[in-house]
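Below is one structure, written out as structure tokens; comments come after it.
Residues: numbered from 1 along the sequence shown. Remember, it's 1-based here, ligands and their atoms both numbered in the order they're listed.
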Amino acid sequence: MIHRPQYAEVVVEIADRKLDRPFHYEIPAQLEEVVKPGVRVLVPFGNRKLEGYVVGLVPRAEVTETKPILAVREGEPVISNELLQLARWMALYYMCPLVTVLQAFFPKRNGSSLKTTQEWCFLEPTVTVGTVSTVRKRAPKQGAILEQLLQAGPLLVRQLLQLTGADRRSLMSLVRKGLVRIDCHEAAPAREAVPVLEEPPELTGEQERVLAAIVPKLHPPQHEVFLLHGVTGSGKTEIYFRALTRVLEAGYQAIVLFPEISLTTHLIERFHQRFGSRVEVLHSRLPMKERLLTLDRMAKGHVPIVVGTRSAVFAPVPKLGLIIIDEEHETSYQQEVNPKYHARDVALVRAFINKVPLILGSATPSLESYYKACQGKFTLLKMGNRVERKQLPKVLVTDLRQEQKDGNATLFSRLLLEKLQERLEEKEQTILFLNRRGYANLFNCRECGQVVKCQYCDVSLTYYAEKRVLKCHYCGYTRPVPNRCPSCGGSRVRPLGAGTEKVEKELLEYFPQARVVRIDSDTVRKKGDYERLLGLFENRLADVMIGTQMVAKGLDFPGVTLVGVILADQMLSFPDFRARERGFQLLTQVAGRAGRGTGLGEVIIQTFVPDDPTINAAAGHDFEQFFSQEIRLRRLLGYPPFNHLIRILVTGEREERCEAGAREIADRINSHRSQGEADLLGPTPAPLTKIKNVYRWQLILKGPRIKEMRRLVAVALREAAQGGRLPRGIRINLDIDPLGLL
Ligand code: ADP
Ligand code: ZN
């Protein structure tokens, strides 16, 4: 038999865009068994040794001189073919090195754990003395291994090989024969078995109907994307639970993603009550060691339900049967560092590759997803009622212009004060919400309420106090602070804003006896702060909770019957074309905190623009109305979902170099850009002009076909670099489909 030489394609862990391609390495005979796509290896690279990933096996190398792979990392989960395929897609789509994507899949073990990997070898229970002697006749080394295990019980792999003088190959063939098993199990902290406590409730009619649409796709899994649009409290989680139950019964595993912020003990408790220890949680705050062990267990198929934040979308479960993304509109599904992916988009591709269903759930779907549902690309499922006939809260809008006219310059309208008083007397709870965004000061007119906007981009202008100018973060348009309102000619134009701290102070002036907890990034500093403060409120040791968006989402406090939005304008006028969408989502989410118990909830939205269509849609709990207004604007202005965006951010310590670099790239793009292919906005300083002494300039490319846009960017960057036209000391960052443009 002719032995065909095989080579491994390896991507190495090196931070250099130019080296972002596979290199060919020989596979030494003793590693033949273990080198396969998806394993981590150590390879010689120049005069260094680097780690990398095998991404393919080929019969021939492209170059004549190849070096051998030095070692294979033991005890690492192997990246499956499907995940490799996903990684390739991500690298291509997000224009980032493949190795960066792979590193995001599995966090790197530090150097010491490489040596001390606790790999244990176990005898399978079926092995008897008889098996050992049969094996020994044909393969003495393998026989020795079995005998050793039979005598001594589980052993560290390293020890076992030393004791028997056998090599890893003999061991691996025993594994393949199903006689022994290798596991990190012994090193893993013993997990306590959590019993299942909860009986499923009887489904409502709406839930029945929705589930009936999903179930046929679950067993065997078939690809389909469901957009579950259910109002707050409609029982979406119960739908997830039922679908998960089916998936487990069929012997598959599932991945459930939640936004960072709602992954509270609450939610995890709910999962444990229903699924006991069949659920494991994966999030970035897990200690590294624990995280790696959890990943190991997942890769072995020992974890039926993976619950986690965005990176759990890469969970290496071998028999994926379903992916669920709760609150699919949440921005925390976007990763802000390389690889800059959006977990929802990655999940779409993973579900497609694995041919499994994907459920996207939300009370306020993203425009992107809802638009796809309207186009028939996603299956839309609706739940318009809260369970147990609970009512959605009644929403009242108060006009802050009127309050000011009547001489009330505080943060509290008379209506809100009245309602607060009632709640305090009735011993019911209130949430006061204010989304303070320190870095984006807006300017508005106190008479007509309008925020001053860019005439080209339909986004709010940002106020720069020191220079007394207003500036657009998209196109760079700058104007002096107006003396009169551009909309009504009124003279009272002012910066807009106040913080949660001030809310607390004023509240206590009105109601000194009120027990208040404030939750924002100032009061939540250490681990446990958030849970502790929430606990106070949950146990009704506080009457009023004041907070930023940290309190808006997912919380379920039956005692809350009043929600006050101190100032809605800030969230609607954030300088971003998605401001209205975010504002609508936030208002809906915040309002959804009220009336989850027995009493009817009330919500008061304070604003300078009471006629604003977004506020009205939120007040009427009318997502469809909001969607049809907003999608029209997006179409008109060519924003997503009608176009893609690519943001090119140029950073560096010298501002003039950033600017020169950005201009050079813009020139390159313009020289290749054909009519109708894409628009180029900028270059202009980014909204966050400087972070830690690093300046930031940006360009935004906007167009319908992402493939062409990526090509345009790639060509422009290559030419700029080759021509030596880029200044030194700058970095170029790419964002494909960015959510924020700060
Ligand atoms: P959503 O995620 O849609 O906001 P949840 O799933 O949190 O809503 O459900 C709201 C509340 O209703 C939860 O306390 C949940 O346990 C309860 N619930 C869900 N479905 C049912 C049902 N069919 N019967 C009774 N209670 C239910
Ligand atoms: Zn503009």
Please could you name the atoms of ligand 1 that Val231 approaches to less than 4.0 Å, counting only its heavy atoms?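 Answer, ordered by atom number: 3 (O).
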Give the atom numbers and elements of ligand 1 that come within less than 4.0 Å of a heavy atom of Thr232.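 With Thr232 as reference, the close atoms of ligand 1 come out as 4 (O).
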Considering residues at least two apart in sequence or located in another chain, which fulfil the side-chain hydrogen bond (donor to acceptor under 3.5 Å, both in side chains) criterion with Arg386?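 side-chain hydrogen bond (donor to acceptor under 3.5 Å, both in side chains) list for Arg386, sorted by chain: Thr232.
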Geometric class of the Tyr93/Trp89 ring pair [parallel <30°, tilted 30-60°, perpendicular >60°]: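 If you compare the ring of Trp89 with that of Tyr93, the planes turn out parallel.
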Among protein heavy atoms, which lies nearest [atom], and at what distance?
| atom | result |
| --- | --- |
| atom 22 (C) of ligand 1 | Glu202 O, 3.5 Å |
| atom 12 (O) of ligand 1 | Val387 CG2, 3.1 Å |
| atom 2 (O) of ligand 1 | Thr237 OG1, 3.3 Å |
| atom 25 (C) of ligand 1 | Glu388 OE2, 3.8 Å |
| atom 20 (N) of ligand 1 | Gln207 NE2, 3.0 Å |
| atom 16 (O) of ligand 1 | Arg270 NH2, 3.7 Å |

So which pairs with a foot in residues 615-626 pass salt bridge (Lys or Arg N to Asp or Glu O under 4.0 Å), sequence neighbours left out?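 Matches after skipping sequence neighbours: Lys382-Glu624.
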For Gly235, is at least one N or O under 3.5 Å away from an N or O on ligand 1?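 Min N/O separation from ligand 1 is below 3.5 Å for Gly235.
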side-chain contact (heavy atoms from CB on, under 4.5 Å) between Phe584 and Glu630, intermediate numbers included: CA-CA 10 Å; Phe584 180 82; Glu630 186 63 22; over 6 Å; no
Look at ligand 1 and say whether Gly230 reaches it with a heavy atom at a distance under 4.0 Å.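 Contact absent.
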Consider side-chain contact (heavy atoms from CB on, under 4.5 Å). Of Val563, Leu416, Val565, which one does Leu432 pass it with?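 The residue from Val563, Leu416, Val565 that satisfies side-chain contact (heavy atoms from CB on, under 4.5 Å) with Leu432 turns out to be Leu416.
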Report the part of Ser234 in contact with ligand 1, treating N, CA, C, O as backbone and CB onward as side chain, heavy atoms under 4.0 Å; options are side chain, backbone, both, neither.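 Answer for Ser234: both.
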